[in-house]
Every structure is written in C-alpha cells, then in structure tokens.
Amino acid sequence: ATLFAGAGMTATSAVLNVIGGDGITANANDVAITAAQTTITSIYATDLIIGEDSETAIDFGTADEIDFKINNTAELTLSATALYPIADAGLDLGTSALGYNDLHLGASGIINFDNANMKITHSTGALTVAGGTFAAAAITGTTIDATTDFTIGDTVITDGVITDTS
C-alpha cells in the first residue's frame, strides 16, 4: 500500500524513504540537515523573525517595514522612505567614543532639530539656519549678507550704517 507520495519521497510497505539533496543527508536512521545552508536563495514568510534569541531580532512582520529589536523592543525601523527610531530621541547615532566620520546629504538636505525648533537647510551654495540663535566661536569670510539688521553685541548694522546701541 502506498502511504506517502510526492516529489523526493518514495514509500513501500510503510517505510518512508527520504531522498537527500543540497544540505540534506538521508542516513540509515535519521535525516541530517547541514547547519550552513548555502543553496537556499529565498525565504518568504508573513511574520519572519531572525535573531539570536527572542530578545534580539530583525522582524519582518509588518508589511513594507523591517524592525530591529533589542531587549524584545523595536528600537529602529526601516521603511521605504526612512530609517527612524521608534521613539523620539530614542537612539544615538554613534557614541561619545565611537563617532561617524562623514555625513553626506543630497541637494536641499535638511538637518532638523526637535521638530524644526532649529533647522539647517541647504540650497545651492547656501546653508540657512532658522528657528533660533546660531552661535559660533569664530566666523571667517569676506562677506556677511543679512536681509535684516545685523547685530554684533551692542553694534547694529543697517543698510551699511553702523550704530552703537550701548
């Protein structure tokens, strides 16, 4: 009587014969699966989670997102348009001892602090600082262009006229 049927299997008199393949070896009493699978090219699953354990994982369970979990909590998400922390100010980029070297932004890039409380915007040949006070230890250059009054300490420059307000 035939008890099993399908590609890669044969059965006679209730004996199952598993036929091996890449990474699978059929032994006399068991089937061995090689730990390092090198011939698998695709894994598709609706709620796929890959990780060291249940606490640290990469979670593909949400459509069009990849969540990175640490201590069983999603900390970072990659979507089609952004890589972002789950909570506002929830992650640092680098540490005090290990920082990144370069930041490369595209044309019209924006560095946005605290939901636009302060932001630096790029346009061709210019950086615009908006939303607060820009403080610098030193500024060097040959031209400073201000669209309104320009103030240095108690000195105000308006349309080329210097006024001491002290």
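Residue-environment remark: CG (Asn117) exceeds the threshold of 12 foreign heavy atoms within 6.0 Å. Few gaps surround CG on Asp154; more than 12 heavy atoms of other groups in view lie less than 6.0 Å from it. By the 6.0 Å contact criterion, CG on Asp88 is open, its count of non-hydrogen atoms from other residues, nucleotides or ligands being 12 or less.
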Next item on the list: Begin from the C-alpha positions of Leu48 and Ile43 and carry the test side-chain contact (heavy atoms from CB on, under 4.5 Å) through to its verdict.
Entry: CA-CA 9 Å; Leu48 179 65; Ile43 299 174; 4.1 Å; yes
Next item on the list: Might you work through the side-chain contact (heavy atoms from CB on, under 4.5 Å) test for Ile86 and Thr77, ending with a clear yes or no?
Entry: CA-CA 7 Å; Ile86 296 300; Thr77 295; 2.9 Å; yes
Margin query: Walk me through whether Thr73 and Asn71 qualify under side chain to side chain donor-acceptor pair (under 3.5 Å).
Written below: CA-CA 5 Å; Thr73 302; Asn71 198 21; 5.5 Å; no
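Val161 and Phe150 fall into different hydrophobic clusters, where Ile, Leu, Val, Met, Phe, Trp and Tyr residues are linked whenever their side-chain heavy atoms come under 4.5 Å apart, directly or through other members. A chain of hydrophobic side-chain contacts below 4.5 Å, direct or via other Ile, Leu, Val, Met, Phe, Trp or Tyr residues, connects Leu103 to Val129. Leu76 and Ile66 fall within the same hydrophobic cluster, where Ile, Leu, Val, Met, Phe, Trp and Tyr residues are linked whenever their side-chain heavy atoms come under 4.5 Å apart, directly or through other members. If you chain together hydrophobic residues whose side chains sit under 4.5 Å apart, Ile49 and Leu78 never meet in one group.
Contact check for Tyr100 versus Leu93: side-chain heavy atoms found under the 4.5 Å cut-off. Proximity of Phe134 to Ile139: side-chain heavy atoms (C-beta onward) are separated by under 4.5 Å at one or more points. Thr62 has its side chain within reach of Asp67: a pair of non-hydrogen atoms, C-beta onward, lies under 4.5 Å apart. Thr163 has its side chain out of reach of Thr158: every pair of non-hydrogen atoms, C-beta onward, lies at least 4.5 Å apart.
Defined by atom type and a distance below 3.5 Å, a donor-acceptor pair is missing between the side-chain atoms of Asp164 and Thr155.
Of the possible polar contacts, one joining the Asn112 side chain to the Ala116 backbone as a donor-acceptor pair under 3.5 Å is found. Looking only at distances, a side-chain donor or acceptor of Ser79 sits under 3.5 Å from a matching main-chain atom of Thr81.
Here Asp22 contributes atom CG and Thr38 contributes atom OG1; the two are 7.0 Å apart, rounded to the nearest 0.5 Å. Rounding to the nearest 0.5 Å gives a distance of 11.0 Å between NE2 of His122 and CD1 of Ile111. Rounding to the nearest 0.5 Å places CG of Asn72 at 8.5 Å from OG1 of Thr56. In this structure, CD1 in Ile58 is found 6.0 Å from CD1 in Ile50, a value given to the nearest 0.5 Å. Rounding to the nearest 0.5 angstrom, the gap separating the CG atom in Leu91 from the CD atom in Glu75 is 5.5 Å. Note that CZ of Phe60 is 12.0 Å distant from CG of Asp47, once rounded to the nearest 0.5 Å.
Considering every non-hydrogen atom in both Tyr84 and Glu65, the closest pair reads OH-OE2, 3.4 Å. The nearest pair of heavy atoms linking Lys119 to Ile110 is CD-CG2, 4.1 Å.
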